[in-house]
Amino acid sequence: MLSKTMQDALNEQINKEYYSAYLYLSMSAYFESINMPGSAKWMRAQYDEERAHALKFFDYINDRNARVALKTIEQPAAEFASPVAVWETVLEHEKKVTGSIHKLYEHALKENDYATQSLLKWFIDEQVEEEKNATLMLERFKSGGNQPALLLMLDGHFTKRGE
Ligand code: MG
């Protein structure tokens, strides 16, 4: 059985993962609006990934015979200054998520909750990937600068994600 404080903390994390999903879906709409379908598709795939993260916590709480509590999802930004600004936001956001996963892990260590530690190890590794990818994308878009031709070429490259 999960402790009440761990249950509450994991429920908070479900909400954060859904907020991530919502943020990336909003970014997908932004990219659609500026005619960058490759980047829009990329963000939509991120949206799916974040929902899968939320469900991993959801399933885990149920598996431990604890109780899921779904909360209000905060409204994400709808407009962004530029594609580069989007990737800056992604990197910042993922760093914040890494911080909250690490806090959960510290919590699980304090409680000697080995099962939750094991679950969180997957997320710790996942966050290394998320930050790596966000950094790579940000650097690529920065090097494209505001040159429309380069940005469109970059965008075309991303249409292949998930195929
Ligand atoms: Mg996530």
Side-chain angles (χ1 to χ4, degrees), residues 2-3 5-32 36-64 66-80 83-111 113-142 157-163:
L2 281 176
S3 72
T5 54
M6 186 54 80
Q7 172 189 284
D8 292 348
L10 294 176
N11 274 317
E12 279 300 323
Q13 192 62 34
I14 289 181
N15 187 261
K16 285 178 185 163
E17 299 296 342
Y18 275 120
Y19 173 74
S20 301
Y22 228 36
L23 177 64
Y24 295 147
L25 190 61
S26 185
M27 288 169 169
S28 179
Y30 165 75
F31 279 125
E32 291 285 358
M36 293 182 73
S39 302
K41 190 178 172 193
W42 181 280
M43 285 300 172
R44 198 172 164 127
Q46 282 299 122
Y47 161 73
D48 286 334
E49 265 195 36
E50 298 304 337
R51 286 187 310 151
H53 291 169
L55 289 176
K56 242 182 202 295
F57 285 111
F58 177 95
D59 288 338
Y60 177 75
I61 292 170
N62 289 326
D63 288 348
R64 296 291 307 276
R67 197 69 181 86
V68 165
L70 299 177
K71 298 164 197 295
T72 307
I73 304 166
E74 195 189 324
Q75 183 177 337
E79 296 302 339
F80 300 89
V84 169
V86 170
W87 286 106
E88 279 168 349
T89 306
V90 171
L91 182 57
E92 290 260 307
H93 180 68
E94 288 301 337
K95 283 181 177 171
K96 252 193 247 166
V97 174
T98 300
S100 68
I101 296 288
H102 288 178
K103 263 204 178 133
L104 284 173
Y105 192 78
E106 284 163 24
H107 187 159
L109 284 176
K110 266 188 210 143
E111 291 195 7
D113 181 344
Y114 301 110
T116 302
Q117 288 171 32
S118 177
L119 171 83
L120 290 170
K121 277 182 186 157
W122 184 91
F123 281 96
I124 291 169
D125 294 343
E126 176 68 11
Q127 283 310 118
V128 171
E129 276 299 301
E130 297 279 22
E131 286 192 29
K132 183 185 102 180
N133 289 336
T135 303
L136 183 67
M137 296 294 263
L138 176 59
E139 290 310 316
R140 281 177 175 169
F141 273 85
K142 266 189 184 164
H157 183 71
F158 299 138
T159 56
K160 290 193 172 62
R161 179 173 175 162
E163 279 169 13

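Read the numbers this way: they start at 1 and go in the same order the structure lists the ligands and their atoms. Quick caveat, the model's predicted, so the values are computed rather than measured. Numbers here simply count residues along the sequence, with the first being 1.
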What atom name does the N, O or S atom of His53 nearest to the Mg ion (ligand 1) carry?
ND1
Contacts of Lys95 meeting salt bridge (charged side-chain N to carboxylate O under 4.0 Å, His left out) (sequence neighbours excluded), chain-then-number -> none
Does this structure show an ion pair linking Lys132 with Glu129, if we count only N-O contacts that are shorter than 4.0 Å?
yes
Among pairs that include at least one residue of residues 43-63, which meet ring pair (Phe, Tyr, Trp, His ring centres under 6.0 Å), considering only residues two or more places apart or in two chains?
His53-Trp122, His53-Phe123, Phe57-Phe123
Quick check: of its N, O or S atoms, which one does Glu50 have closest to the Mg ion (ligand 1)?
OE1
In Glu17, the N, O or S atom nearest to the Mg ion (ligand 1) is which?
OE1
When you measure from the side chain of Ser118 to the backbone N and O of Tyr114, does any donor-acceptor pair fall under 3.5 Å?
no
